[in-house]
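So the structure is just underneath, and the comments pick up after that.
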Amino acid sequence: MSVRMYHLVVDSHDLPAQARFWAEVLDWRILYEDEHEIVIGADERALPGMCFLPVSERKTVKNRLHIDLTPDDRDAEVERIIALGATRVDVGQGEDATWVVLADPEGNEFCVLRPKATLID
């Protein structure tokens, strides 16, 4: 038996805004949308995707799971993502960190890493 990651599910207070933010960040597109669910991905057959589900409450504590992004140019990508609505976050990473911690418009933390070639780089 094999298994693959299908969706990363994100609880969202403002479902359309969150989905559109992440679609812009990842250069993905909206694949499915209704009032209870929005799915984004590179293509409808390219796994994994992200699925945004509505919740009434706002985020209140640090994420237990977060996304790491690895761009070609970390600093340029950080500035691009901030222009899309992200904010810098200090979670204790220190001045010498090789990654930048950001938060999406609803406060979910994620990291922009230095360029990486492999999963163990």
Side-chain angles (χ1 to χ4, degrees):
M1 174 174 27
S2 66
V3 66
R4 294 188 293 165
M5 186 171 176
Y6 181 67
H7 279 156
L8 174 63
V9 178
V10 181
D11 289 345
S12 304
H13 184 73
D14 183 341
L15 193 62
Q18 277 295 90
R20 283 168 179 66
F21 170 82
W22 281 104
E24 286 289 322
V25 167
L26 298 169
D27 194 24
W28 286 1
R29 58 191 179 97
I30 305 290
L31 301 173
Y32 175 81
E33 180 174 3
D34 70 23
E35 66 185 68
H36 303 291
E37 176 183 45
I38 300 177
V39 176
I40 69 170
D43 179 89
E44 64 184 39
R45 298 192 187 283
L47 301 181
M50 290 178 76
C51 178
F52 297 85
L53 301 175
V55 294
S56 58
E57 69 277 358
R58 295 192 181 274
K59 180 182 173 291
T60 58
V61 298
K62 183 180 178 290
N63 297 1
R64 296 286 308 259
L65 174 75
H66 71 264
I67 297 170
D68 283 345
L69 304 174
T70 180
D72 293 332
D73 180 333
R74 186 198 66 197
D75 295 337
E77 194 62 18
V78 165
E79 294 310 313
R80 183 185 79 84
I81 295 170
I82 288 172
L84 293 173
T87 55
R88 288 181 182 265
V89 178
D90 182 353
V91 294
Q93 64 268 29
E95 295 285 324
D96 59 342
T98 61
W99 63 91
V100 176
V101 183
L102 299 176
D104 71 17
E106 290 196 5
N108 299 301
E109 299 91 358
F110 63 98
C111 296
V112 182
L113 311 177
R114 63 177 171 75
K116 294 188 174 271
T118 72
L119 288 173
I120 57 173
D121 181 14

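These numbers come from the heavy atoms of this one structure, side chains and all, not from hydrogens, waters or symmetry mates.
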Handout entry: Any side-chain heavy-atom pair of R4 and P48 under 4.5 Å
Key = no
Problem - Side chain proximity check, D43 to R29, heavy atoms < 4.5 angstrom - result: yes
Pairwise distance [atom1]([X]) to [atom2]([Y]) - rounded to 0.5 angstrom:
X: R20; Y: L15; atom1: CZ; atom2: CG; result: 9.0 Å
X: F110; Y: L65; atom1: CZ; atom2: CG; result: 14.0 Å
X: I67; Y: D104; atom1: CD1; atom2: CG; result: 8.0 Å
X: L69; Y: L102; atom1: CG; atom2: CG; result: 8.5 Å
X: D27; Y: I40; atom1: CG; atom2: CD1; result: 10.5 Å
X: M5; Y: L47; atom1: CE; atom2: CG; result: 10.0 Å

Practice task
Verify the neighbour count for atom CG of D72: are there more than 12 heavy atoms of other residues, nucleotides or ligands below 6.0 Å?
Solution key: no
Problem - Flag if over 12 foreign heavy atoms under 6.0 Å of CZ, R58 - result: no
What is the minimum heavy-atom distance between [X] and [Y], and which atoms define it?
X: A19; Y: I30; value: CB-CD1, 4.2 Å
X: G85; Y: P105; value: O-CG, 3.9 Å
X: W99; Y: C111; value: CD1-SG, 3.9 Å
X: L53; Y: H36; value: CD2-O, 3.5 Å
X: P16; Y: I38; value: CA-CD1, 3.7 Å
X: N63; Y: H66; value: ND2-CB, 4.2 Å

Exercise for the section: Would you mind checking if R74 and E77 are paired as a salt bridge, meaning a charged N to carboxylate O distance below 4.0 Å? Expected result: no
Please answer whether the main-chain N or O of [Y] pairs with a side-chain N or O of [X] as donor and acceptor at a distance below 3.5 Å.
X: E106; Y: H13; result: yes
X: K59; Y: N108; result: no
X: T70; Y: V112; result: no

Practice task
Applying side-chain contact (heavy atoms from CB on, under 4.5 Å), run through I81 and F21 and close with a yes or a no.
Solution key: CA-CA 9 Å; I81 295 170; F21 170 82; 4.0 Å; yes
Handout entry: Step-by-step side-chain contact (heavy atoms from CB on, under 4.5 Å) determination, E79 to D73
Key = CA-CA 10 Å; E79 294 310 313; D73 180 333; over 6 Å; no
Are [Y] and [X] connected in a single hydrophobic cluster, I mean Ile/Leu/Val/Met/Phe/Trp/Tyr linked by side-chain heavy atoms less than 4.5 Å apart?
X: V10; Y: L84; value: yes
X: F52; Y: L8; value: yes
X: V100; Y: W22; value: yes
X: Y32; Y: L26; value: no
X: L113; Y: V89; value: yes

Practice task
Starting from the C-alpha separation in whole Å, work towards a yes-or-no answer on side-chain contact (heavy atoms from CB on, under 4.5 Å) for M50 and Q18.
Solution key: CA-CA 11 Å; M50 290 178 76; Q18 277 295 90; over 6 Å; no
